[in-house]
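Counting begins at 1 with the first residue of the sequence.
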Amino acid sequence: MTSSKGPTMTLQEQPDGYKHRFHAMVKPLGSLCNLNCTYCYYLSKQGLLEQPAAPRMSDALLEQHIRQYIEAQTGDEVVFSWQGGEPTLMGLDFFRSVVELQAQYKKPHQRIENDLQTNGTLLDVEWAAFLRQHNFLVGLSCDGPQRLHDHNRITKGGQPTHAKVMAAARLLRKHNVEFNALCVVNRENAKYPLDVYRFLTRELGVWRVQFISCVEPKVFHHTAPQHWDGASQPLVNTPQAEPGTADSVVTDWSVDPNDWGRFLCKVWDEWYKRDYGKVHVDLFETAVSQSLGRPAQRCITSEFCGKGLAIEHNGDVFSCDHYVYPEYRIGNIGETHWAKMAYSEKQKQFGFSKRNTLPKYCLECPHLHLCWGECPKNRLVRAPDGELGLNYLCPGMKQFYGHVQRDMPEIIRRVKTSRR
């Protein structure tokens with residue numbers, strides 16, 4: 001393949017940040033998807049960003065992205081994350097080009113990794129063979145047993161998808177494709193924590209689980225995070241700070257903050273009793289890591305953020321996957337090199353603001369160093385003293401972090417003993 005045109009960067013032009021790693025969620029077809037999940041925050045981007053009816057990353061832009069993304073990093077590992085929408089709609093030929101271009105541009109010392117987040121409904125034998133051959137890590141979206149999964153995860157025609165997800169899991173397992181489960185914990189399935197956890201680990205059969213809290217303000221279709229009307233932000237622990245009321249700040253499908261806490265506590269107890277050391281639950285592993293004084297394993301629980309960006313089908317780069325709004329566009333790879341955007345002052349300020357905008361209520365919390373205010377996109381409510389910027393999930397997170405303190409000393413003892 002011939003080299004694409006676009007910004008280049010010589011060794012002399014590398015910014016200081018070039019010595020560090022960053023990560024990007026790639027949206028090669030924007031928000032285009034074959035499903036119509038009730039809680040999807042990305043489907044609305046088509047109208048917000050004025051995307052064409054069938055957005056698609058061009059071959060030339062794909063090459064620019066891969067070349068610049070590899071140039072911009074000096075770590076031993078460079079991770080490409082393919083998302084959507086539904087990325088498998090791009091077809092296998094697109095991803096064959098991906099691996100060819102990665103091989104062309106990778107540096108001698110680098111290892112290239114790919115992960116693919118998918119609803120699984122379009123996977124077949126050819127896909128499975130490709131994913132296995134090129135060692136793609138697959139994230140399979142599943143919200144638990146059929147009655148809970150199909151409550152929100154439906155096709156454009158309103159048909160259930162659970163059976164297809166299970167078929168995809170069997171296919172991936174048959175072809176020895178590594179995959180994990182991404183579970184969106186919403187208002188419905190949050191009420192059944194053990195049903196969800198046991199299904200994912202014992203019936204879907206995964207040993208790595210990522211739980212994502214479903215939280216969307218009612219104005220998410222058109223209003224960017226931190227651009228909300230402050231007067232509309234309710235006090236924590238009031239009906240307006242919970243889903244299901246007419247004047248709630250969040251959508252009806254958002255998880256209730258207290259249900260989120262109970263969900264995590266119940267799953268933690270099951271995990272610690274039966275699966276500790278066997279099943280990797282992202283929120284639990286990062287809580288353990290941070291309790292040991294190590295860095296957070298997820299951006300939402302780290303002190304700073306800003307190293308998890310997003311790139312759209314047309315090359316536009318945004319500060320974060322959850323901040324794909326015009327206000328958070330930082331450039332386009334056709335005009336500015338990836339490295340210069342990723343480590344720009346604007347992006348640095350975005351990352352530092354996670355800590356710098358915490359309310360006093362958070363700064364005085366005993367769980368601050370495990371939480372750091374969680375994701376800023378969820379800071380939708382007021383603290384008890386009325387200060388703006390408290391995380392909507394705060395009651396649940398305090399419940400969870402308080403609960404795990406009972407077991408954390410023994411876990412820390414085990415970890416330290418295993419090192420000897």
Side-chain angles (χ1 to χ4, degrees), residues 23-26 28-29 33-35 62 66 70 75-104 106 110-146 149 153 161-184 196-212 267 270-271 274-285 297-298:
H23 182 244
M25 303 289 190
V26 190
L29 38 64
C33 188
N34 59 324
L35 301 191
L62 173 66
I66 290 174
I70 291 174
D76 292 336
E77 180 183 71
V78 180
V79 179
F80 288 81
S81 294
W82 307 94
Q83 296 201 342
E86 174 49 46
T88 58
L89 286 169
M90 291 297 294
L92 266 175
D93 284 344
F94 174 84
F95 285 97
R96 291 186 180 107
S97 295
V98 164
V99 295
E100 290 176 14
L101 288 165
Q102 290 170 342
Q104 178 181 341
K106 87 176 191 72
Q110 287 178 328
R111 181 176 72 259
I112 304 295
E113 301 287 349
N114 288 280
D115 57 71
L116 178 78
Q117 185 61 44
T118 177
N119 58 46
T121 61
L122 301 177
L123 297 181
D124 57 18
V125 171
E126 191 176 11
W127 264 106
F130 172 85
L131 295 169
R132 178 66 185 92
Q133 179 185 357
H134 297 288
N135 297 313
F136 273 60
L137 171 64
V138 174
L140 188 62
S141 296
C142 182
D143 289 352
Q146 182 176 2
H149 176 95
R153 299 192 64 80
T161 62
H162 192 266
K164 290 187 176 181
V165 173
M166 295 304 293
R170 290 191 295 271
L171 180 70
L172 294 172
R173 192 173 295 109
K174 180 179 179 181
H175 288 265
N176 296 315
V177 177
E178 187 176 359
F179 72 100
N180 56 33
L182 186 150
C183 177
V184 178
V196 171
Y197 177 73
R198 289 171 180 172
F199 180 86
L200 296 176
T201 56
R202 300 173 198 176
E203 296 189 48
L204 191 67
V206 297
W207 65 272
R208 289 199 293 190
V209 180
Q210 183 177 7
F211 289 121
I212 304 292
V267 175
E270 176 84 353
W271 171 81
R274 300 176 58 105
D275 296 331
Y276 174 78
K278 302 174 186 176
V279 175
H280 183 289
V281 179
D282 61 338
L283 285 170
F284 300 169
E285 297 290 342
Q297 296 180 7
R298 290 193 63 188

For this session: Could you go through the side chain to side chain contact (heavy atoms under 4.5 Å, CB included) check for Asp282 and Gln297 one step at a time?
Result: CA-CA 8 Å; Asp282 61 338; Gln297 296 180 7; over 6 Å; no
For this session: Could you check Trp271 against Thr201 for side chain to side chain contact (heavy atoms under 4.5 Å, CB included), going step by step and ending with a plain yes or no?
Result: CA-CA 10 Å; Trp271 171 81; Thr201 56; over 6 Å; no
For this session: For side chain to side chain contact (heavy atoms under 4.5 Å, CB included), just list the numbers for Gln102 and Asn114, CA-CA rounded to whole Å, side-chain angles, deciding distance to a tenth of an Å, and then say yes or no.
Result: CA-CA 10 Å; Gln102 290 170 342; Asn114 288 280; 2.8 Å; yes
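Among all heavy-atom pairs drawn from Pro28 and Phe94, the shortest one is CB-CZ, 3.8 Å. Closest approach of Ala181 and Leu200 over heavy atoms only: CB-CD2, 4.2 Å. Closest heavy-atom contact between Gln110 and Gly75: CG-O, 3.4 Å. Nearest heavy-atom pair, Thr88 versus Trp127, reported as atom, atom and distance to 0.1 Å: O-CZ2, 3.6 Å.
The side-chain heavy atoms of Val98 and Trp82, taken from C-beta on, include a pair separated by under 4.5 Å. The shortest distance between side-chain heavy atoms of Leu116 and Pro87 falls below 4.5 Å. A heavy-atom distance below 4.5 Å is found between the side chains of Arg208 and Glu178. Put simply, the side chain of Val78 does not reach to within 4.5 Å of the side chain of Lys106, judged on heavy atoms. Within the 4.5 Å cutoff, the side chain of Arg298 has heavy atoms near those of the Leu283 side chain. Between Phe95 and Leu131 there is no side-chain heavy-atom pair separated by less than 4.5 Å.
Note on ring orientation: taking the six-membered ring where Trp is involved, the planes of Phe136 and His134 are perpendicular (angle over 60°, cut-offs 30° and 60°).
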Can I get a per-line list of side-chain donor-acceptor pairs under 3.5 Å for residues 167-176, giving both atom names and the distance, sequence neighbours left out?
from   : atom 1 : to     : atom 2 : distance (Å)
Arg173 : NH2    : Leu204 : O      : 2.3

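Expressed to the nearest 0.5 Å, how far CG of Leu182 lies from OG of Ser141 amounts to 5.0 Å. Rounding to the nearest 0.5 Å places CZ of Phe284 at 10.0 Å from CG of Asp275. Taking CG of Leu89 as the reference point, atom CG of Leu29 lies at 5.5 Å (rounded to 0.5 Å). Note that CE of Met90 is 9.5 Å distant from OG of Ser97, once rounded to the nearest 0.5 Å. In this structure, CD in Gln210 is found 7.5 Å from CD in Gln117, a value given to the nearest 0.5 Å. Taken to the nearest 0.5 Å, the OH atom of Tyr197 stands 12.0 Å off from the SG atom of Cys183.
Under the side-chain hydrogen bond (donor to acceptor under 3.5 Å, both in side chains) criterion, Asn34 pairs with Asn119, Thr121, sequence neighbours left out. Listed by chain and residue number, Arg21, Arg111 satisfy the side-chain hydrogen bond (donor to acceptor under 3.5 Å, both in side chains) test with Glu77 (two or more places apart in sequence, or in another chain). In this structure, the side-chain hydrogen bond (donor to acceptor under 3.5 Å, both in side chains) partners of Glu270, at least two apart in sequence or on a different chain, are Arg198, Arg202. Taking His162 as the reference, nothing meets the side-chain hydrogen bond (donor to acceptor under 3.5 Å, both in side chains) condition, with sequence neighbours excluded.
Identified under the salt bridge (charged side-chain N to carboxylate O under 4.0 Å, His left out) test for residues 121-132, with sequence neighbours left out: Arg96-Glu126.
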